[in-house]
J.: 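The following block contains the structure, expressed as structure tokens.
Whatever order the structure lists them in is the order used to number ligands and atoms, beginning at 1.
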Amino acid sequence: MDISGLREKIENEISSIRNIEDLKRIRVSVLGRKGTFTDYIDKLKTLDKELRREAGKTINEVKSWAEERLGELERRFEEIEKKKREQASLIDITMPGKKPLFGKKHPLTQTLEEIIRIFGSLGFAVAEGPDIEAEYYNFEALNIPSDHPARDMQDTFYIRPGVVLRTHTSPVQIRVMESQLPPVKIIAPGCVYRCDNDISHTPMFHQVEGLMVDKNVRFSDLKGILSIFIHEMFGPDTPLRFRPSYFPFTEPSAEVDIGCVICAGKGCRVCKDTGWLEILGSGMVHPQVFRNVGYDQEEITGFAFGMGVERIAMIRYGIDDIRQFYYNDIRFLSQF
Ligand code: PHE
């Protein structure tokens, strides 16, 4: 038996180890029960005593060297694996990123903020009033006595006799005028409530009221301010018209229409083939309203207007069902 090649053979095998798999495989083929050493030890039997002792010694030396070396390699590979695992549990900057979901303002909030911004730039301050309102402020003070047919225009939720959920933001006009002398230049945004529920009505919706009172406020001021608002809101080329109308608290009254944004005036389902979309009510403050708040209606004049925020948002974004605003469907809301 030739023992001289053993050391070299084992050294070569061990130095070819590159990874933990190599290590496992070579450990078996070298130290295993059917491995190189077992082979050599078996062959020892064929040698005579003297040579056997020599060879046995060499085999044992090489074997313990191999064991030590393989153990060393194993510890090193384990260390590397451990480092790899640690790194993997940290941040892998080569992974594709997860897109964070950003919250967005509700389309009604965005629309309301735009309305407030435009009127703010025209010098209107924001005023607020209560949602639960005295019948007096919601109706009587606005020249709508209880037997007035105009009460039917708004299906009122009564909390108890004399107390309602406000059906419009116009009572804020009264509250502001009761608490300050002219000049007044406010807008009043807020929730309003009407017993109504279909594709174009929800029982709660939002309005923005406007009121400007001073000496010499004229209908032309109303037209000017509302024209600026519409051109800011819907674009400078938006056609608009003032159409005579009726509200108990304004005289004369006008509703304002804009050219249908869907069909550009040609006539469609949305504008009911008229080519126009009604977007707000307005008029010169009725003298009786001034008397009700103690303003001298010989001295001052004013105009008021009111608009539905949902309606403006529907036109602005081309939404055909008002209830979409309230389903809280993230797929709908994330579009704006
Ligand atoms: N309050 C009226 C409504 O809800 C709108 C309006 C406000 C009209 C102010 C004229 C002046 O329909």
Side-chain angles (χ1 to χ4, degrees), residues 112 115-116 119 122 124 126-131 133-145 148-157 164-177 184-196 200-213 217-219 221-227 229-230 240-258 277-290 292-293 295 297 300-312 314 322:
L112 182 57
I115 296 170
I116 292 173
F119 284 107
L122 295 168
F124 286 78
V126 171
E128 282 180 313
D131 291 24
E133 185 57 284
E135 206 175 358
Y136 171 77
Y137 285 104
N138 197 78
F139 293 123
E140 274 86 2
L142 288 159
N143 200 29
I144 318 174
H148 197 287
R151 288 227 178 169
D152 293 343
M153 286 164 73
Q154 305 173 352
D155 301 292
T156 312
F157 286 115
V164 301
L165 289 177
R166 65 178 176 192
T167 58
H168 52 177
T169 41
S170 302
V172 183
Q173 290 184 29
I174 305 297
R175 289 180 173 274
V176 169
M177 289 192 284
V184 173
K185 212 175 168 188
I186 55 114
I187 53 168
C191 301
V192 300
Y193 306 84
R194 294 181 195 181
C195 189
D196 215 344
S200 50
H201 300 87
T202 47
M204 186 282 296
F205 61 103
H206 299 79
Q207 284 190 337
V208 176
E209 189 82 5
L211 176 68
M212 178 169 168
V213 180
V217 173
R218 291 161 300 189
F219 196 85
D221 296 311
L222 163 72
K223 281 187 82 170
I225 294 278
L226 291 180
S227 301
F229 165 70
I230 285 165
L240 62 123
R241 68 177 185 187
F242 288 76
R243 180 168 39 77
S245 185
Y246 170 78
F247 298 101
F249 35 92
T250 49
E251 182 61 33
S253 303
E255 280 176 309
V256 182
D257 300 336
I258 61 170
L277 297 170
E278 179 204 319
I279 60 156
L280 53 82
S282 66
M284 301 306 289
V285 179
H286 196 291
Q288 185 58 45
V289 172
F290 284 142
N292 291 344
V293 297
Y295 276 15
Q297 38 98 0
I300 46 98
T301 49
F303 67 77
F305 58 87
M307 68 186 90
V309 180
E310 280 79 354
R311 176 128 181 102
I312 304 276
M314 285 168 82
I322 191 173

J.: Number the atoms of ligand 1 from 1 as they appear, then name those within less than 4.0 Å of a heavy atom of S170, with their elements.
T.: 1 (N), 7 (C)

J.: Near Q207, which atoms of ligand 1 are under 4.0 Å from a heavy atom of that residue?
T.: 3 (C), 4 (O)

J.: Quick one: CZ on R241 to CD on E255, what's the gap to the nearest 0.5 Å?
T.: 10.0 Å

J.: Would H168 count as a polar contact of ligand 1, with the cut-off being nitrogen or oxygen pairs under 3.5 Å?
T.: yes

J.: Does F303 reach ligand 1, in the sense of a heavy atom lying below 4.0 Å from it?
T.: no

J.: Polar contacts were defined as any N/O atom of the residue lying under 3.5 Å from an N/O atom of the ligand; does this apply to S282 and ligand 1?
T.: no

J.: Using a 4.0 Å cutoff against the non-hydrogen atoms of R194, which atoms of ligand 1 qualify?
T.: 3 (C), 4 (O), 12 (O)

J.: For ligand 1, is any non-hydrogen atom under 4.0 Å from F305's backbone (N, CA, C, O), its side chain (CB onward), both, or neither?
T.: backbone

J.: What about F119 and F229, are their ring centers closer than 6.0 Å?
T.: yes

J.: A quick test of your reading: do over 12 heavy atoms of other residues, nucleotides or ligands sit less than 6.0 Å from CD of Q288?
T.: yes

J.: Please say whether the positively charged group of R175, taken as NZ for Lys or CZ for Arg, lies over the ring of Y137, i.e. under 6.0 angstrom from the six-membered ring centre and within 45 degrees of the axis.
T.: yes

J.: Is R218 atom CZ crowded by more than 12 heavy atoms from other residues, nucleotides or ligands, each under 6.0 Å away?
T.: no

J.: Charged N to carboxylate O below 4.0 Å: is that the case for D131 and R166?
T.: yes

